[in-house]
Amino acid sequence: MSPLNGTNIKVLRFLLTGIPGLEKSHIWIAIPFSSVYLLSLLGNFTILFFIKTEPSLHEPMYYFLSMLSISDLGLSLSSLPTTLGLFLFSVHEIHAAACFAQEFFIHLFTVTEASVLSVMAFDRYVAIHNPLRYSTILTSSRVIKTGVLLTSKNVLLILPLPFLLQRLIYCHQNLLSHSYCLHQDVMKLACSDNRVNVVYGLFAALSTILDLLFITFSYIMILKTVLSIATPREQFKALNTCISHICAVLIFYAPMLSAAMLHRFARDLSPLIHILMADVFLLVPPLMNPIVYCVKTRQIREKVVQKLCPKRK
């Protein structure tokens, strides 16, 4: 592998990795990957279409859901070009500038999804704890301001990452571990001091953990409110409104925490396991969230059925 000139980012290129040991089967592996990307894009665009076109869905809960779909779309579109380029056309090289831009968007939409899930937990708490004041507490203007605030916070949080990577010197290695660029993956290739990258990367990751703690606290308060409801039927009805969101939280955090635990405590495992866990984290939430919300949310399910089966009442 030829030496790399770490001081000249304009000519620096990295090599992407597909599925180790299955290089000859990449064209076949592209089929399930392409299907997942297609279904993810179709599902999230469907959610956005119905929320935009149906006046009955112009409520805070569905505005937050649209933010979640936008985050899922961003997450899918961020990794799609290099992943399908590698599996379909054997394009392994990626320019350093494109790599740094890709890792920025992947991490940006990751922390944005965590932030949206946290405000959706607060939305569920308000709806259950104070249903009569729900529409006055979470007005459309407040939802929009919340979205702008979260986006601004996350952009400012993730923006330093590509610049921290750009300042590093890359010497004799340029082989990445995935079919896309991640901050922790790129910084390991540097032969200069990357401690600032490590510390700031942990700081950025901490924001998703804080969001998880906020979600947990919100559900403790929700459970406390539900237990104060008189009848079991009303308790079940209140909790049933949270099922879709609980599924979305599990779908997002389970792969992320599993991948982090494997990276920290099981480094001797086959690289294939680490690659598959990272792929699951990036591909499964954008695929499953639209399915969960279409199946569990009656209003969206009815609108989808009406469009697909116009003669059915």
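Everything numeric here is computed off the predicted structure, so don't read it as measured data. Count residues from 1 along the sequence.
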State whether the side chain of Thr231 and the backbone N or O of Glu234 hold a donor-acceptor pair below 3.5 Å, judged by distance alone. yes

Show the nearest heavy-atom pair for residues Thr17 and Leu86, with the distance to one decimal. C-CD1, 3.8 Å

Could you give the distance from NZ (Lys237) to CG (Asn240), rounded to the nearest 0.5 Å? 10.0 Å

Looking at Leu48, is its backbone amide N or carbonyl O close enough to the side chain of Ser66 to form a donor-acceptor pair, meaning the two atoms are under 3.5 Å apart? no

Could you report the tightest heavy-atom contact between Arg142 and Thr136, atom names first, then the distance? NH1-O, 3.3 Å

Where do Lys224 and Leu227 land on the side-chain contact (heavy atoms from CB on, under 4.5 Å) test, with the steps shown first? CA-CA 5 Å; Lys224 182 179 177 181; Leu227 292 176; over 6 Å; no

Only one of Gln299, Glu54, Lys52 passes side chain to side chain donor-acceptor pair (under 3.5 Å) with Tyr62, and that residue is Gln299

Set out, in order, the CA-CA distance, both residues' side-chain angles and the distance that settles side-chain contact (heavy atoms from CB on, under 4.5 Å) for Cys242 and Ile128, then state yes or no. CA-CA 10 Å; Cys242 301; Ile128 293 173; 3.5 Å; yes

Rounding to 0.5 Å, atoms SG (Cys294) and CG (Asn289) come to a distance of 10.5 Å

In Å and rounded to the nearest 0.5 Å, what is the NE2 to CD1 distance from His58 to Ile51? 8.5 Å

Does the Asn174 side chain pair with the main chain of Arg13, one donor and one acceptor, at a distance under 3.5 Å? yes

Going by heavy atoms in the side chains, are His245 and Tyr219 under 4.5 Å from each other? yes

Would you indicate whether the side-chain heavy atoms of Phe33 and Leu84 approach each other to under 4.5 Å? yes

Just by modelled atom types, is the Phe100 backbone N or O under 3.5 Å from a matching donor or acceptor in the Gln102 side chain? no

Just wondering, do Ser40 and Leu283 contact through their side chains at under 4.5 Å, heavy atoms? no

Any chain of hydrophobic side-chain contacts (each under 4.5 Å) joining Val143 to Leu149? no

Side chains of Thr46 and Pro290 in contact at under 4.5 Å (non-hydrogen atoms): no

Same cluster for Phe14 and Phe89 if Ile/Leu/Val/Met/Phe/Trp/Tyr side chains link at under 4.5 Å? yes

Any side-chain heavy atom of Tyr253 within less than 4.5 Å of one from Asp211? yes

Within a radius of less than 6.0 Å around OH of Tyr63, do more than 12 heavy atoms belonging to other residues, nucleotides or ligands occur? yes

Distance in Å, Ser152 OG paired with Leu157 CG, rounded so as to fall on 0.5 Å steps: 12.5 Å

Assess whether side-chain hydrogen bond (donor to acceptor under 3.5 Å, both in side chains) is satisfied between Asp279 and Tyr180, documenting all intermediate values. CA-CA 10 Å; Asp279 289 340; Tyr180 39 81; 2.8 Å; yes

What one should report as the nearest heavy-atom pair of Ser244 and Tyr293 is CB-CE2, 3.6 Å

Taking all non-hydrogen atoms of both residues, which atom of Pro60 and which atom of Tyr134 are closest, and how far apart? CB-OH, 3.6 Å

Is it the case that one hydrophobic cluster holds both Met256 and Leu269, taking links as side-chain heavy atoms less than 4.5 Å apart, direct or via other members? no

Take Asn130 and Tyr125, measure what side-chain hydrogen bond (donor to acceptor under 3.5 Å, both in side chains) needs, and give me the verdict at the end. CA-CA 8 Å; Asn130 211 334; Tyr125 169 71; over 6 Å; no

Yes or no on side-chain contact (heavy atoms from CB on, under 4.5 Å) for Met61 and Arg124, after CA distance, side-chain angles and deciding distance? CA-CA 8 Å; Met61 171 185 171; Arg124 291 298 83 211; 3.7 Å; yes

Is the His26 ring parallel, tilted or perpendicular to the Phe87 ring (thresholds 30°, 60°)? perpendicular

Under 4.5 Å between side-chain heavy atoms, counting indirect links through other Ile/Leu/Val/Met/Phe/Trp/Tyr residues: same cluster for Val155 and Leu75 or not? yes

Go through the steps to decide whether Tyr37 and Ser79 satisfy the test side-chain hydrogen bond (donor to acceptor under 3.5 Å, both in side chains), and finish with yes or no. CA-CA 10 Å; Tyr37 278 120; Ser79 61; 2.8 Å; yes

Answer whether the closest heavy-atom distance between the side chains of Leu15 and Leu176 falls below 4.5 Å. no

Set out, in order, the CA-CA distance, both residues' side-chain angles and the distance that settles side-chain contact (heavy atoms from CB on, under 4.5 Å) for Leu282 and Thr83, then state yes or no. CA-CA 11 Å; Leu282 281 184; Thr83 299; over 6 Å; no

Heavy-atom pair of closest approach, residues His274 and Leu262: CE1-O, 3.3 Å

Quick check: is Ile47 connected to Leu42 through a chain of hydrophobic side chains (ILVMFWY, heavy atoms under 4.5 Å apart)? no

Would you say that Leu22 contacts Trp28 through its side chain, given a criterion of any heavy-atom pair below 4.5 Å between the two side chains? no

Under 3.5 Å, side chain of His129 to main-chain N/O of Ile222, donor-acceptor pair present? no

His92 (side chain) donor-acceptor with Leu16 (main chain) under 3.5 angstrom: yes

Kindly indicate whether the side chain of Leu77, heavy atoms from C-beta on, has any atom under 4.5 Å from the side chain of Phe105. no

Rounded to the nearest 0.5 angstrom, the OG1-CD1 distance for Thr216 and Ile220 is 6.5 Å

Ring centroid separation Tyr200 to Phe203 under 6.0 Å: yes

Checking His178 side chain against Gly18 main chain: does a donor-acceptor pair fall under 3.5 Å? no

Could you tell me whether a side-chain N or O of Asn44 sits under 3.5 Å from a main-chain N or O of Asp72, the two making a donor and an acceptor? no

Under 3.5 Å donor-acceptor, Glu103 side chain and Cys181 backbone: no

Specify the closest pair of heavy atoms between Val111 and Ala204, including all atoms of both residues, with the distance to one decimal. CG1-O, 4.3 Å

Are any side-chain N or O atoms of Glu113 and backbone N or O atoms of Leu68, one a donor and one an acceptor, separated by less than 3.5 Å? no

In this structure, CZ of Arg167 is separated from CG of Asn194 (nearest 0.5 Å) by 8.0 Å

